[in-house]
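Structure first, commentary second.
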Amino acid sequence: MENSVGIVSAQRATFDTPLTCSSGAVLPRYELVYETYGKLNGDKSNAILVCHALSGHHHVAGQYADDPKSTGWWDNMIGPGKPIDTEKFFVIGLNNLGGCHGSTGPSSIDPQTGKPYGASFPVVTVEDWVASQARLADMLGIEQFAAVVGGSLGGMQAMQWSLDFPERVRHVLAIATAPRLTTENIAFNDVARNAILTDPDFHGGNYYEHGVVPKRGLRLARMLGHITYLSDDAMADKFGRGLRSGKYNYGYDIEFEIESYLRYQGDKFAAYFDANTYLLMTKALDYFDPAHRHGDDLNKAFAAAQANFLVLSFTTDWRFSPERSRAIVKALLHNRLNVSYGEIASTHGHDSFLMPHAHYHALMRAYLERIAQEFSA
Amino acid sequence: MSAHDPAELAAARPDFAAIAAWIPQGASVLDLGCGDGSLLRYLQDTRQARGYGVEISDANIIACIRNGVNVIQGDLESGLSGFESSAFDFVVLSQTLQATRHTEALVREMLRVGREGIVSFPNFGYWKNRLNILRGHMPVSRDLPYQWYDTPNVHLCTLGDFETFCGEHQVHILERRVMTGGSEISALPNLLGSTAVYRFKRAA
């Protein structure tokens, strides 16, 4: 494939220093799987950390040798000659703690019991992720990232980096994200969680030992989520009121194209994603709120930050609307930080941040070229 | 035009040099309708200004980023609600005033967000413009490069008009510089000046 990082393989890092989570729970030992693309330069100044969103993972770019269809989730953004240019940058993608793609999570075996953690896996937060990502950076010898980049929940981690480790990140690229979820957003997440929690196969989170998976719940959660990641216009353009058989059947089977699409997406997702991880990720979204411990004052929350920021939003993203990004920008301006903000006209809703939109990619490219000049100069 | 050569820029845009002369070292500047960021870059290079631009066009957002200046994408016509009161030493509106629809509201916002405002605009009262009108045609020139049917300029004014506006809107003019083709004009400015730059603040 053109401009691809090519064949990649995942690596695994083990951490024996206990991690105390925001909840107070302690993980005595954990593993993180990650991938890297490009070369770390001599003074280790060209590293970029890519943080993933709700359903993402460490496989960000390239393909696995044994599966040509296994293209990474942000392959259109990362590669030689792409906006995040692996000829210039050393790019790291990881699977977050609590994930279900190889890092320690609810479906991993708890060494203390010899059984999957299940319900006993702690609820982890964006802060906990950033703390664990910092340990991965330590292990790789990276004192300071050229940039931490992320969309949606990934953007929250990128921002958190600038608050928890101000000296360790020069640029934050926060895309299609928010300083905290809106009430409506939490409500959507709660419906998704309820779909899982009330599935008879959930077994209080310990479904692994029953040899079942709460697929129906996870599928519904994903169907609901998927609707909110698209825009009304994008859905209308793609499916309209199209009928699979061309006529009404006056029944409850799949009739409209959109029904078929959503069920397909739900089934596909439920076949590989872990329900406990879904619960955990949505909670991390709900809890993220850096202003909370500063009397709900976002200006104060960003007082610790030193990084330069690029904040991007998409016009049809109603789940992480431009208004939410502008609130971030306002707090950054208050703190006299360098910030540029782009509001990108796109029809694809929240999912826009994953799309190969020409202006979006040109903007990313321009900003990243500026970053590259800092260490090549 | 290379945004990285201050001398070249000052020659091409005499209003830049005039604006820079008013801006002390290290001042904070908000440039409304900042285009490709040339002025901000110039102020960063020559005055070590801490600047941000506001721009609506996608192409200009990318140009600003390439120029190494901070830029916030937004529409001036919907106000400056994204900026706190008294957040900047200077709010600049360079060659944009005449293209704004809500001119009164924007000038008011400039003086809410900035300690001082700076505007530059083409003087519609310049004798060549008057001559064009006398001959029966809208003026088209280096300062007014558009045809009547494709111009973004909806609020063209003369120096006299602008000064009357300021008097009626609690805007106190601190300084004025009038230029034609890079030369300073002192006599009969409303007739002989093609471009004007004003520095002003809220009237006490």
Side-chain angles (χ1 to χ4, degrees), chain A residues 83 147 170-175 179 297-300 302 307-315 321-346 352 357-374 376-377, chain B residues 3-4 26-38 40-41 43-45 48-91 109-110 112-115:
Chain A
R170 290 202 299 280
H171 293 269
V172 167
L173 281 70
I175 307 163
D297 186 342
L298 193 63
N299 290 343
K300 286 188 184 147
F302 273 108
N308 306 299
F309 287 75
L310 177 67
V311 179
L312 300 178
S313 70
F314 299 91
T315 50
S321 70
E323 195 190 347
R324 312 296 299 144
S325 283
R326 287 197 293 263
I328 297 167
V329 171
K330 200 166 183 177
L332 298 172
L333 286 170
H334 177 87
N335 286 291
R336 302 176 163 228
L337 292 160
N338 284 316
V339 53
S340 284
Y341 169 63
E343 200 166 295
I344 297 155
S346 164
S352 298
H357 181 291
H359 171 61
Y360 166 42
H361 276 208
L363 223 168
M364 290 288 284
R365 183 185 294 279
Y367 195 86
L368 285 148
E369 279 171 359
R370 290 294 304 186
I371 299 179
Q373 282 168 20
E374 290 169 10
S376 61
Chain B
H4 295 281
S28 60
V29 179
L30 181 67
D31 183 7
L32 304 176
C34 66
D36 66 2
S38 295
L40 280 172
R41 180 73 207 196
L43 295 176
Q44 275 173 213
D45 291 344
Q48 284 69 51
R50 194 176 60 77
Y52 299 86
V54 179
E55 243 307 316
I56 193 167
S57 118
D58 285 350
N60 277 335
I61 296 294
I62 289 176
C64 284
I65 285 170
R66 291 215 178 102
N67 258 336
V69 303
N70 294 312
V71 63
I72 310 295
Q73 191 160 23
D75 184 0
L76 298 179
E77 301 294 354
S78 47
L80 302 177
S81 61
F83 300 94
E84 294 175 344
S85 296
S86 310
F88 293 91
D89 296 326
F90 295 91
V91 178
E109 279 286 84
M110 284 177 75
R112 177 184 66 80
V113 169
R115 208 163 43 77

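So that the names make sense, note that chain A is the first sequence line, chain B the second, and so on, each numbered from 1.
A/Y367 has its side chain within reach of A/N308: a pair of non-hydrogen atoms, C-beta onward, lies under 4.5 Å apart. With a 4.5 Å cut-off on side-chain heavy atoms, A/E374 and A/H171 count as touching.
Interface residue A/V329: only side-chain heavy atoms are found under 4.5 Å from chain B. For A/R336, the parts lying near chain B are the backbone and the side chain together; criterion is any non-hydrogen pair under 4.5 Å. If you measure heavy-atom distances from A/L312 to chain B, you find no contacts under 4.5 Å at all. B/I72 touches chain A through backbone and side chain together, each having a heavy atom under 4.5 Å away.
Among A/R326, A/H359, A/E343, the residue making the largest number of heavy-atom pairs under 4.5 Å with chain B is A/H359.
In summary, the side chains of A/N299 and B/E84 do present a donor paired with an acceptor at a separation below 3.5 Å, with no hydrogens or angles considered.
Between A/L363 and A/G342, the shortest heavy-atom contact is CD1-CA, 4.4 Å.
For B/Y52 and B/F83, the ring centers sit 6.0 Å or farther from each other.
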